[in-house]
Amino acid sequence: MERVECWMKFEERTLSTEQIFTGKIISVQVDEVELPDGKLAKRELVKHPGAVAIIALTEDKKIVLVEQYRKPLERTMLEIPAGKIEPGEEPKLTAIRELEEETGYRANSFEYLQTFSTSPGFADEIIHLYVAKELEKVEQPATGDEDEFIEVLEVTVEEAEEFIANERIYDAKTVAAVWYVKNL
């Protein structure tokens with residue numbers, strides 16, 4: 001079976017779209033769709049411009065994490081550095097920018113790893129995942145978002161696994177990053 005053909009299996013044809021909300025980061029719409037059996041259904045969709053995430057590794061294979069408060073979950077979490085792609089920006093450039101803004105590091109080795117969807121049941125957000133190595137601290141790093149309060153940590157894989165077990169690391173991209181580093 002051809003790849004594109006596989007992607008279209010059980011396709012839901014969009015009949016109409018109602019724009020509900022347009023914000024700084026996301027927009028929300030409700031689509032009326034025709035299902036493969038001809039019946040009609042409504043789909044609530046969150047539209048997102050896409051993001052990047054970076055597995056930043058120190059020379060001694062420590063994972064660089066950022067700790068920040070996440071309002072949707074009403075809690076502080078440890079995550080790999082990540083950020084939204086700006087309009088017209090290439091994902092790799094976003095990753096380079098976000099690594100410096102969030103951690104104060106630059107990488108001499110930046111490798112694309114994978115692209116994946118985050119919540120395909122209701123959102124179109126995809127994340128482009130990169131691995132950054134040969135890190136250097138930047139003397140005067142680019143400043144991040146003024147409404148972001150971040151603390152940078154460097155942890156071993158074992159420490160990261162403990163953080164997963166006690167839910168300090170709680171998001172899928174960071175869990176996947178830890179598993180990736182563990183299997184290097």
- prompt: Should Val175 and Ile169 count as side-chain neighbours, where that means a heavy-atom distance under 4.5 Å?
  reply: yes
Honestly curious: do Val52 and Ile25 fall in one hydrophobic cluster under the side-chain, below-4.5 Å linking rule? no
Evaluate the side chain to side chain contact (heavy atoms under 4.5 Å, CB included) criterion for residues Arg106 and Lys137: first the C-alpha distance (whole Å), next the side-chain angles of each, then the deciding distance (0.1 Å), finally the verdict. CA-CA 6 Å; Arg106 278 197 194 121; Lys137 268 294 194 190; over 6 Å; no
request  = Using a strict 4.0 Å threshold on nitrogen-to-oxygen distance, state whether Lys47 and Glu125 make a salt bridge.
outcome  = no
Closest non-hydrogen atoms of Val138 and Glu100, given as atom of the first, atom of the second and distance, are CG1-OE2, 3.8 Å
Consider only side-chain N and O atoms of Thr58 and Glu154, and report whether a donor and an acceptor are under 3.5 Å apart.
no
Using a 6.0 Å cut-off, check whether atom CD of Gln68 has over 12 heavy atoms from anything other than its own residue. yes
Please report, to 0.1 Å, the donor-acceptor pairs under 3.5 Å made by any side chain of residues 128-135, with sequence neighbours excluded.
from	atom 1	to	atom 2	distance (Å)
His128	ND1	Thr115	OG1	2.9
Tyr130	OH	Lys92	N	3.1

Here the pair of heavy atoms bringing Gln19 nearest to Ser27 is NE2-CB, 3.4 Å
Nearest heavy-atom approach of Val152 to Thr103 is CG2-CA, 3.7 Å
Exercise. Checking side chain to side chain contact (heavy atoms under 4.5 Å, CB included) for the pair Arg13/Val33: CA distance, chi angles, key distance, verdict?
Worked result: CA-CA 5 Å; Arg13 192 168 62 88; Val33 299; over 6 Å; no
inquiry  = Tell me whether Arg75 forms a cation-pi arrangement with Tyr69, defined as NZ or CZ under 6.0 Å from the six-membered ring centre and within 45 degrees of its axis.
reply    = no
Taken to the nearest 0.5 Å, the spacing of Glu101 CD from Thr94 OG1 works out to 9.5 Å
dist Thr156:OG1 -> Phe163:CZ (nearest 0.5 Å) comes out at 8.5 Å
Across all chains, not counting sequence neighbours, the salt bridge (charged side-chain N to carboxylate O under 4.0 Å, His left out) partners of Glu161 are Lys182
Check your understanding: Below 4.5 Å, heavy atoms only, C-beta onward: do Met77 and Asp171 meet side chain to side chain?
Key -> yes
Original post:
Going only through I, L, V, M, F, W and Y residues with side-chain contacts under 4.5 Å, is there a path from Leu113 to Ile63?
Top reply: yes
* **Glu74 bridged to Lys71 by N-O distance under 4.0 Å** => yes
Q. Between Asp31 and Arg43, is there a side-chain N and carboxylate O pair less than 4.0 Å apart?
A. no
On a heavy-atom basis, the closest approach of Thr174 and Leu78 is CG2-O, 4.1 Å
| task | State yes or no: do Ile96 and Tyr112 share one hydrophobic cluster built from I, L, V, M, F, W and Y residues joined by side-chain heavy-atom distances below 4.5 Å, directly or via other members? | result | yes
Rounded to the nearest 0.5 angstrom, the OG-NE2 distance for Ser119 and His48 is 10.5 Å
- Message: Check Lys84 with Glu86, please: is the shortest side-chain N to carboxylate O separation under 4.0 Å?
- Response: yes
Next item on the list: Compare all side-chain heavy atoms of Asp124 with those of Val46 and state whether any distance is below 4.5 angstrom.
Entry: no
Inset, instruction - Look at the side-chain heavy atoms of Ile, Leu, Val, Met, Phe, Trp and Tyr, link any pair under 4.5 Å apart, and say whether Val157 and Trp179 land in one connected group. - result: yes
Could you walk me through whether Ile126 and Thr118 satisfy the side chain to side chain contact (heavy atoms under 4.5 Å, CB included) test, starting with their C-alpha distance in whole Å, then the side-chain angles of each, then the deciding distance to 0.1 Å, before giving a yes or no? CA-CA 6 Å; Ile126 59 169; Thr118 59; over 6 Å; no
Quick check: is Leu153 connected to Ile150 through a chain of hydrophobic side chains (ILVMFWY, heavy atoms under 4.5 Å apart)? no
task: Taking the side chain as every heavy atom from C-beta outward, state whether Glu89 and Arg97 have any atom pair closer than 4.5 Å.
output: yes
Are Glu67 and Thr76 close enough that some pair of their side-chain heavy atoms sits under 4.5 Å apart? yes
Checklist entry - Within a radius of less than 6.0 Å around OH of Tyr170, do more than 12 heavy atoms belonging to other residues, nucleotides or ligands occur? => result no
Worksheet item: Counting N and O atoms only, with roles assigned by atom type, does the side chain of Glu11 sit under 3.5 Å from a partner on the main chain of Met8, one being a donor and the other an acceptor?
Response: no
| request: State plainly whether the residues Lys39 and Glu34 are in salt-bridge range, i.e. N to O under 4.0 Å. | output: no
Here the pair of heavy atoms bringing Lys173 nearest to Ala82 is CE-CB, 3.5 Å
Below 4.5 Å, heavy atoms only, C-beta onward: do Ile80 and Ile54 meet side chain to side chain? no
Please tell me if the side chains of Gln29 and Glu44 come closer than 4.5 Å, counting only heavy atoms from C-beta onward. no
With a 4.5 Å heavy-atom cut-off, do Leu45 and Phe122 have their side chains touching?
no
Scanning both residues in full, the closest heavy-atom pair of Pro91 with Ile85 reads CG-CD1, 4.0 Å
